Amino acid sequence: MLYMAMALAILLICSLMGALAGAGGDSTDNLTASFVFGDSLVDAGNNNYLPTLSKADIRPNGIDFTASGGQPTGRYTNGRTIADIVGEELGQADFSQPFLAPNTTGSALLNGVNYASGGGGILNGTGQIFVNRLGLEIQVDYFNITRQQLDKILGKSQAKYFLMKNSIFSMTIGSNDFLNNYLFPFLSAGVRINETPDTFVDQLINTLRAQLTRLYSLDARKFVVANVGPIGCIPYQRSINRITETECVSLPNELARTYNVRLRDLLSELNDNLPGAKFCLANVYDLVFEIITNYKKYGFTTSSSACCGNGGRFAGLIPCGPTSSMCDNRSEYVFWDPYHPSEAANLIIGKYLVDGDTKYISPLNLRQLKAL
């Protein structure tokens with residue numbers, strides 16, 4: 001049995017090396033990888049492996065996720081996330097697996113890895129209400145582990161080429177820093193007394209700069225960073241503030257816009273100062289606001305209510321779970337639950353980011369970024 005196991009292991013390694021060598025030119029030229037950092041908008045299941053109050057491993061989450069046969073995977077939506085869809089559109093062979101999943105080893109790393117975590121934020125203190133979550137600093141720490149594993153799989157020079165040429169690093173984070181930090185009523189009172197919005201945003205931008213620079217030092221070169229969406233328009237905010245169907249809550253959106261202006265400046269700065277890197281801004285604020293405002297144009301029947309949830313006028317007070325009310329036509333809802341878009345909305349967003357113009361993705365779209 002021992003000899004058989006050794007033989008199978010050698011065969012697997014040889015098959016992997018053969019697949020890589022068949023690319024022509026460089027042995028990783030035929031690979032596309034997505035390394036995903038962020039929060040619950042793109043978490044692929046890392047929180048399944050954490051003792052946390054923020055989980056999506058219960059039905060009906062994932063009900064439309066074909067790869068799992070409709071079973072929950074830890075994705076906070078009914079189907080694919082934006083990161084899943086972008087990976088598919090760019091020709092990724094398989095979804096980026098959660099870093100904490102036990103099978104995220106060996107050749108699985110060549111699709112990229114997902115480090116995102118529901119409740120996570122740019123700041124380490126963000127999301128403490130959930131007890132456990134992976135903040136951005138820890139996510140980058142985990143990528144450093146993956147970086148060393150890739151050296152062992154591909155060799156140092158090949159791994160460096162793979163990361164610089166064939167890999168896209170996406171970051172979808174920041175919403176929790178407002179919703180579950182600065183604006184959270186039980187946690188933020190002291191913060192809001194001691195920090196103005198501008199001071200808080202300064203802290204976010206400086207922390208984000210440090211982590212993006214760390215990734216650059218680890219050979220990341222192609223980046224897409226999403227700004228914060230119109231968080232005042234999600235069903236949760238609409239429900240707790242008891243506003244009308246056509247209104248959004250002004251303060252969260254104002255904070256998001258303040259951060260987004262600074263983020264645009266940061267990415268321009270990094271494009272100027274980090275040789276060989278390209279940082280693209282995903283303008284999800286304007287894109288999602290456009291979908292919410294003109295939802296009928298995109299085939300939706302509502303952009304204010306959650307498909308899966310309970311409480312309040314917009315089903316936005318209680319997260320999606322087995323006892324939640326659920327809409328019949330999930331593809332007609334912009335929002336899956338009180339906080340997250342549906343797969344139908346994610347599909348529109350993802351395709352705009354891959355092939356759209358500079359209104360929503362700049363200075364390049366993701367297909368152009370991949371081709372660099």
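Side chains included, hydrogens not; waters and symmetry mates left out as well; all remaining heavy atoms used. If you're wondering where the values come from, they're calculated on a predicted model, not measured in any experiment.
More than 12 heavy atoms of other shown residues, nucleotides or ligands fall within 6.0 angstrom of atom OH in Tyr295. Other residues, nucleotides and ligands place more than 12 heavy atoms under 6.0 Å from the CZ atom of Arg367.
Under the 4.5 Å side-chain criterion, counting only non-hydrogen atoms from C-beta, Pro252 is not in contact with Leu255. At least one side-chain heavy atom of Pro60 sits less than 4.5 Å from a side-chain heavy atom of Cys320. Residues Phe65 and Asn78 have side chains not in contact (no heavy-atom distance under 4.5 Å, counting atoms from C-beta outward). Annotation: side chain of Leu267 is in contact with side chain of Leu263 (closest heavy-atom distance under 4.5 Å). Val86 is not listed as a side-chain neighbour of Val224, based on a closest heavy-atom distance of 4.5 Å or more. At least one side-chain heavy atom of Arg262 sits under 4.5 Å from a side-chain heavy atom of Asp202. Between Pro338 and Leu317 the shortest side-chain heavy-atom distance does not fall below 4.5 Å.
Relative to the six-membered ring of Tyr216, Arg221 meets both conditions, a distance below 6.0 Å and an angle of at most 45° to the axis.
Checking Asp177 against Thr126 by side-chain atom types alone, a donor-acceptor pair falls below 3.5 Å. Side chains of Asn111 and Ser96: no donor on one and acceptor on the other come within 3.5 Å. Looking only at atom types and distance, the side chain of Arg209 has a donor-acceptor partner in the side chain of Asn206 under 3.5 Å away. Between the side chains of Glu343 and Thr77, not a single donor N or O lies within less than 3.5 Å of an accepting N or O. A donor-acceptor contact closer than 3.5 angstrom links the side chains of Glu247 and Thr244. Using modelled atom types and a 3.5 Å distance limit, the side chains of Asn283 and Asn227 yield a donor-acceptor pair. Under the 3.5 Å distance criterion, with hydrogens and angles disregarded, no donor-acceptor pair is assigned to the side chains of Gln211 and Thr207.
Between Pro102 and Thr105 the shortest heavy-atom distance is O-CG2, 3.9 Å. Closest approach of Ala116 and Val42 over heavy atoms only: CB-CG2, 3.6 Å. Listed here is the closest heavy atom pair of Ser54 and Asn47: O-ND2, 2.8 Å. Among all heavy-atom pairs drawn from Ala277 and Asn271, the shortest one is O-OD1, 3.7 Å. Cys308 and Ser324 get closest at one heavy-atom pair: SG-CB, 3.7 Å. The two residues Leu372 and Lys165 make their nearest non-hydrogen contact at O-NZ, 2.7 Å.
Using a 4.0 Å cut-off between a side-chain N of Lys or Arg and a carboxylate O of Asp or Glu, Lys351 and Asp355 do not qualify as a salt bridge. The pair Asp84-Arg75 counts as a salt bridge, with a side-chain nitrogen and a carboxylate oxygen less than 4.0 angstrom apart. Contact check on Arg238 versus Glu245 returns no salt bridge, with no Lys/Arg side-chain nitrogen under 4.0 Å from an Asp/Glu carboxylate oxygen. Salt-bridge formation is detected for the pair Asp141/Arg214: a Lys NZ or Arg NE/NH1/NH2 atom is positioned less than 4.0 Å from an Asp or Glu carboxylate oxygen. Contact check on Asp219 versus Arg147 returns a salt bridge, with a Lys/Arg side-chain nitrogen under 4.0 Å from an Asp/Glu carboxylate oxygen.
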>> Set out, in order, the CA-CA distance, both residues' side-chain angles and the distance that settles side-chain contact (heavy atoms from CB on, under 4.5 Å) for Thr258 and Val261, then state yes or no.
In response: CA-CA 6 Å; Thr258 299; Val261 169; over 6 Å; no
>> Using salt bridge (Lys or Arg N to Asp or Glu O under 4.0 Å), reason through Arg80 and Glu88 one step at a time and then give a plain yes or no.
In response: CA-CA 10 Å; Arg80 293 164 293 171; Glu88 284 181 328; 2.7 Å; yes
> Stepwise, does the side-chain contact (heavy atoms from CB on, under 4.5 Å) test hold for Asp43 with Leu134?
Replying inline: CA-CA 10 Å; Asp43 187 350; Leu134 307 178; over 6 Å; no
>> As a quick check of understanding, evaluate side-chain contact (heavy atoms from CB on, under 4.5 Å) for Gln237 and Leu179, giving each step before the final call.
In response: CA-CA 9 Å; Gln237 285 290 325; Leu179 293 175; 3.5 Å; yes
>> For a side chain to side chain donor-acceptor pair (under 3.5 Å) check, start with the C-alpha distance between Thr32 and Gln92, then their side-chain angles and the critical distance, and finish with the verdict.
In response: CA-CA 5 Å; Thr32 298; Gln92 192 173 317; over 6 Å; no
> Is there a side-chain contact (heavy atoms from CB on, under 4.5 Å) between Gln97 and Asn114 once you walk through the steps?
Replying inline: CA-CA 6 Å; Gln97 296 298 310; Asn114 186 304; over 6 Å; no
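When hydrophobic clusters are built by joining Ile, Leu, Val, Met, Phe, Trp and Tyr residues whose side-chain heavy atoms come closer than 4.5 Å, directly or via intermediates, Phe314 is not grouped with Phe300. Hydrophobic clustering, with ILVMFWY side chains joined whenever heavy atoms are under 4.5 angstrom apart, groups Phe37 together with Leu109. If you chain together hydrophobic residues whose side chains sit under 4.5 Å apart, Leu347 and Leu287 never meet in one group. Both Phe223 and Leu364 belong to a single network of hydrophobic side chains, linked directly or stepwise wherever heavy atoms of I, L, V, M, F, W or Y lie under 4.5 Å apart. By the rule that hydrophobic residues join a cluster once side-chain heavy atoms approach within less than 4.5 Å of another member, Leu154 and Val113 end up as members of one cluster.
To the nearest 0.5 Å, the span separating CE on Met326 from CG on Asp337 amounts to 12.5 Å. Of the inter-residue distances, the one linking Asp151 atom CG with Gln158 atom CD reads 11.0 Å to the nearest 0.5 angstrom. In this structure, CG in Asp94 is found 11.5 Å from CG in Leu110, a value given to the nearest 0.5 Å. Taking CZ of Phe162 as the reference point, atom CG of Leu31 lies at 5.5 Å (rounded to 0.5 Å). Atom CD of Gln149 sits about 10.5 Å away from atom CG of Asn144, to the nearest 0.5 Å. For the atom pair CD1 (Ile85) and OG1 (Thr81), the distance works out to 7.0 Å, reported to the nearest 0.5 Å.
Scanning for salt bridge (Lys or Arg N to Asp or Glu O under 4.0 Å) contacts around Asp286 gives an empty result, with sequence neighbours left out.
Judged purely by atom type and a 3.5 angstrom limit, Thr196 uses its side chain to pair as donor or acceptor with the backbone of Thr199. The closest donor-acceptor contact from the side chain of Lys160 to the backbone of Leu218 lies at 3.5 Å or more, if one exists at all. Gln368 places a side-chain N or O within donor-acceptor distance of the main-chain N or O of Asn365, the cut-off being under 3.5 Å. Formation of a donor-acceptor pair under 3.5 Å by the Lys222 side chain with backbone atoms of Lys370 is found in this model.
For the side chain to side chain contact (heavy atoms under 4.5 Å, CB included) test with Thr172, the passing option among Val36, Leu41, Val225 is Leu41; the others fail.
Screening residues 122-158 for ring pair (Phe, Tyr, Trp, His ring centres under 6.0 Å), with sequence neighbours left out, gives Phe35-Phe143, Phe99-Tyr142, Phe143-Phe169. Residues in residues 317-349 take part in these ring pair (Phe, Tyr, Trp, His ring centres under 6.0 Å) pairs, two or more places apart or across chains: Tyr76-His340, Tyr236-Tyr339.
SG atoms of Cys248 and Cys233 are separated by less than 2.5 angstrom, consistent with a disulfide link.
Ring pair Tyr298/Tyr352 is perpendicular by interplanar angle, where above 60° counts as perpendicular and below 30° as parallel.
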